[in-house]
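Along the sequence shown, residues carry numbers from 1.
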Amino acid sequence: MTPSLLSTSLKTFDFRQEPESLDDNISFSRETEASYMGADGYIHFAQPGQNLLTQSQDFANDVWSKIGVTASVPTEFTAPDGKNTANKLTETNVLGEHRMSRNVNVIKGEPVTISVYLKAGTRSKIQFSFVGGASFTGGTPAVRFDLTDGSFLSFSSNVIGYQAISAGNGWWRLKITGVPDRSPESGLHIFILGDSKEIHYSGNTDNYIYAWGAQLEQGSSVSAYAPTTGRPYSGLRYNYRWSGQAPALAGALIEPAGTNLIRYSQTFTNSAWSKQSADVIATRTLSPDGQNFAFKIRENVENAMHCILSGTPINTVRNEVYTLSAFFKAAERKWVCITVNDAAVHLDLENGAFGNRNPNIFPTVAVDNVGNGWFRFCITFPASASSAIIGIGPGRSNGQASYTGDGESGILAWGVQFEKSEEVTSYIRTASGSVTRAPDVVVLKEPFAGEEHDIFIQRTRGGVWLSKMKGDYQIPPSESEMQAVNYYDADETNSNKEDIAQSLFPHKYDGALINNALLKVFDDTFMVQSPNKSWSLRQALNKSSPIFRFQVRAGDTWTGDARNPKRKERCELYMKNSPLPFDKDVWFSYAIRIAVGDPLDLSPVEWCYLGQVHATEDPGEMSTGPVLGFRLEGLDTISAYTASTLEDPIQTAPKYIYRGGGRFARGIWHRVVVRMRFSPTNAQLQWWQNGKELINISDIGMGYPDKLGPYWKFGIYRSAMRPTVTVEYANMEVAYDSSLEHRITDPAVII
């Protein structure tokens, strides 16, 4: 297939880098705080709203204009948040104005709110106003305020809202709102006023006020203060993930609403957590937020299970899916035991891995390294009861949560979350009750109004194409970080869409899938049969299409073949508990790409299957081979072989009959569709490659007289040989209650 000519993006929104300025084409809102991992490797809590100002609490920075004042470096004066980050604004010995100012462009005709924290020093009267009197009908909106008693002295008529909020210790947060209806040029002034409330006067270096935390935001409400340094703050969370020795930016978190049902999610000393043969003590180890100290769950000297329990049962809906997560770090103990009611999962804190668990109760688990020795463990499962009690405690070894403690040892814990969700979401901190994180609302302005466009969206776990979209686009929320949104002309071809997705985001394969692991491929469950080498079986996690990479090298033996006298080598996925029917159309549709490599110089008794429909043997029968197999032969030839017999029970190995083949050039994707009807006497087989029919035969034998039909396996299964074989599969679809005939001319796009 000839590579297509890549189209040029009409508009690109790249969330893989934090912007130096806000993009007017992106609208964002969220009504609550939400957490994310910052570039410093710690968890932060983003506030609702925005702050269009940079260096919002460093008035000494050159981005602030200083007229008749100087600003101290923010290191010695206590701010409203208790840290020594406040500024001292001191008059200079000049005649004129004494003010700090910032100029910022805003949206013309829409409300803008400015706010700042101020505290009286030797001066107490100030004027707080917008910049750009020509931008406002009626001149500059302004208020005058007395920092001593918290009273407004005056305000201009075009101020549409003003407020003073006591922040304690003499600090006031002042807020005013105006509408720049004549021009987008605006900003804010902080004037120190003279003894008679005048703006123009002779300053004195003995006179000063304190200032901290300036904010400018679109809208008529003041939001929780969001500090900034070199970039403005949009409220959009740019999330980092630990990669190697440092955090790396993954993308923007645009999440749906979520609720943490656990009370006192990080305060385990609270009585809401009951203690069982254990206590909770404070430590000097920083928690994952870098601000608070973690607690240690410490075992006592009893011979028991040492844990803390979530206390009052949490209401759950039976059979609905929930996700439990928590942050842990090893201390004297390297193992943790988590229980949900009476079921347990064991966690290895030394290696960041899961130990013993019942996969039927806890089918999905994940672990995320969050740096500094901390791991976030996540367990997703259907609720088996109408309520749940969560237990957390140290373990002495894998599977051993009950033992005689030494009175000193334990594990470090922080940030427990229990949510009704099929995915773990960003951490939500709680106190006396459950807390809900509001959804992120992100709207992108279309590049050309009124025109249709195709849109490519890429998240960390995959991408999607949207066709013929018109108007501004609201991004659907997801637990997976947003990386990019690109606009293209409408009616991009599928070939072009694949090439664009691959060019922008090449396949990124994760660590090997382990033997016996279960995974979903569309609606079907497959089980891994793997030699468990690091190269054996990997999945492309940055693709929406299920894409798997299989590799078998000389000597790669699956444990199930270890005792077979005829040496076999394999790495496959097989359909678990899903026999295919007899005498009924069965369809496969998939894409396959064989990696460039050495040709297979096979002897008559050697073979290398890249897919096989294997018989389900009846009890007492001999082990048989596939009833339909696709073999790689030579350099790039794939041939189809079938087998059948009427012997029942089967005691004689059936013979294999060549039915046809095709050339599958290496290094490129080929689209395959297969229609089968299994029967020992009246079978049918059709096989298409890239829309071209390779085989169309009927009235053949393909199957055995088994009680259950055969099952599908794909990957690599071969006799022992030297060459390395690598093959990728994408979009594996299996159907027998419906047809996949449309995939012959309209194959699924690989994205």
Side-chain angles (χ1 to χ4, degrees), residues 33-46 237-250 253 258 260 262 264-269 273 278 280-299 306-308 310 323-338 345-355 357 365-380 390-395 398 409-419 423-430 437 460 479 481 510-511:
E33 75 168 19
S35 70
Y36 67 100
M37 177 179 279
D40 57 1
Y42 291 110
I43 291 175
H44 298 262
F45 294 89
R237 293 171 290 158
Y238 286 86
N239 196 52
Y240 288 72
R241 290 181 178 269
W242 203 261
S243 177
Q245 300 300 312
L249 180 57
L253 274 175
N260 188 356
I262 289 280
Y264 296 100
S265 61
Q266 59 195 52
T267 313
F268 306 129
T269 50
W273 290 92
V280 176
I281 61 172
T283 71
R284 300 298 294 176
T285 300
L286 282 177
S287 64
D289 67 359
Q291 300 293 319
N292 301 291
F293 293 120
F295 290 104
K296 182 167 78 171
I297 302 173
R298 182 175 62 179
E299 63 197 38
H306 312 275
C307 65
I308 62 174
S310 57
T323 293
L324 171 65
S325 60
F327 298 83
F328 295 110
K329 183 175 181 176
E332 298 83 6
R333 298 299 182 192
K334 313 298 183 186
W335 286 89
V336 171
C337 178
I338 293 182
V345 178
H346 297 267
L347 316 176
D348 178 356
L349 301 186
E350 195 166 43
N351 300 299
F354 281 85
R357 68 181 172 93
V365 296
V367 60
D368 188 18
N369 182 353
V370 297
N372 304 306
W374 287 93
F375 295 93
R376 190 185 192 191
F377 288 84
C378 311
I379 307 163
T380 301
I390 310 301
I392 301 169
N398 185 19
S409 297
I411 50 93
L412 301 175
W414 186 80
V416 180
Q417 185 154 302
F418 187 56
E419 53 190 320
E423 299 274 354
V424 63
T425 68
S426 60
Y427 171 58
I428 304 167
R429 55 187 175 184
T430 68
R437 178 194 59 245
T460 50
E479 293 80 6
E481 292 97 341
D510 195 33

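Scanning both residues, P247 and G38, for their nearest heavy atoms gives CB-O, 4.1 Å. Annotation for A331 and G410: closest pair CB-O, 3.2 Å, computed over non-hydrogen atoms. Closest approach of R437 and E33 over heavy atoms only: CG-O, 3.8 Å. Nearest heavy-atom pair across S243 and A248 is CB-CB, 3.9 Å. Listed here is the closest heavy atom pair of F327 and G415: CD1-O, 3.4 Å. Smallest separation of non-hydrogen atoms from A294 and A413: CB-O, 4.1 Å.
Distance check: F268 CZ to I392 CD1 gives 5.5 Å after rounding to the nearest 0.5 Å. Rounding to the nearest 0.5 Å gives a distance of 8.5 Å between NZ of K334 and CG of L349. A distance of 9.0 Å separates CG in L324 from OG1 in T380, rounded to the nearest 0.5 Å. In this structure, NE2 in H306 is found 12.5 Å from CD1 in I297, a value given to the nearest 0.5 Å. Expressed to the nearest 0.5 Å, how far CZ of R237 lies from CZ of F45 amounts to 10.5 Å. Atom CG in L249 sits 8.5 Å away from atom OH in Y238 (nearest 0.5 Å).
In this structure the side chain of D348 reaches within 4.5 angstrom of the side chain of W335, judged on heavy atoms. Side-chain contact between V336 and V345 is absent, with no heavy atoms from C-beta onward closer than 4.5 Å. When side chains are defined from C-beta on, L347 counts as touching F354, because their heavy atoms get closer than 4.5 Å. Side-chain contact between F295 and I308 is absent, with no heavy-atom pair separated by less than 4.5 Å. Counting heavy atoms from C-beta outward, L412 and F293 have side chains that stay 4.5 Å or more apart.
Under the 3.5 Å distance criterion, the side-chain polar atoms of R333 are left unmatched by any main-chain donor or acceptor of E299. At least one donor-acceptor pair under 3.5 Å links the side chain of N260 to the backbone N or O of I428. Although no hydrogens or angles enter the test, the distance criterion places no donor-acceptor pair under 3.5 Å between the side chain of S265 and the main chain of Q417. For the pair T283 (side chain) and K296 (backbone), a donor-acceptor distance under 3.5 Å is absent. Here the side chain of D289 pairs no donor or acceptor atom with the backbone of I43 at under 3.5 angstrom.
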Would you give me the side-chain donor-acceptor pairs under 3.5 Å for residues 365-378, sequence neighbours excluded?
residue	atom	partner	partner atom	Å
D368	OD2	R241	NH1	3.3
N369	OD1	G371	N	2.8
W374	NE1	L286	O	3.2
R376	NH1	T425	O	3.0
R376	NH2	S325	OG	3.1
R376	NH2	T425	O	3.1

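Checked against Y427 for a ring-ring contact (aromatic ring centres under 6.0 Å, His included), the options Y42, F418, W414 give a single hit: W414.
In this view, S35 satisfies the side-chain hydrogen bond (donor to acceptor under 3.5 Å, both in side chains) rule with no residue, not counting sequence neighbours.
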>> Go through it in stages, so that I can follow the logic: the residues are Q266 and S287, the test is side chain to side chain contact (heavy atoms under 4.5 Å, CB included), and I'd like the CA-CA distance, side-chain angles, deciding distance and then a yes or no.
In response: CA-CA 9 Å; Q266 59 195 52; S287 64; over 6 Å; no
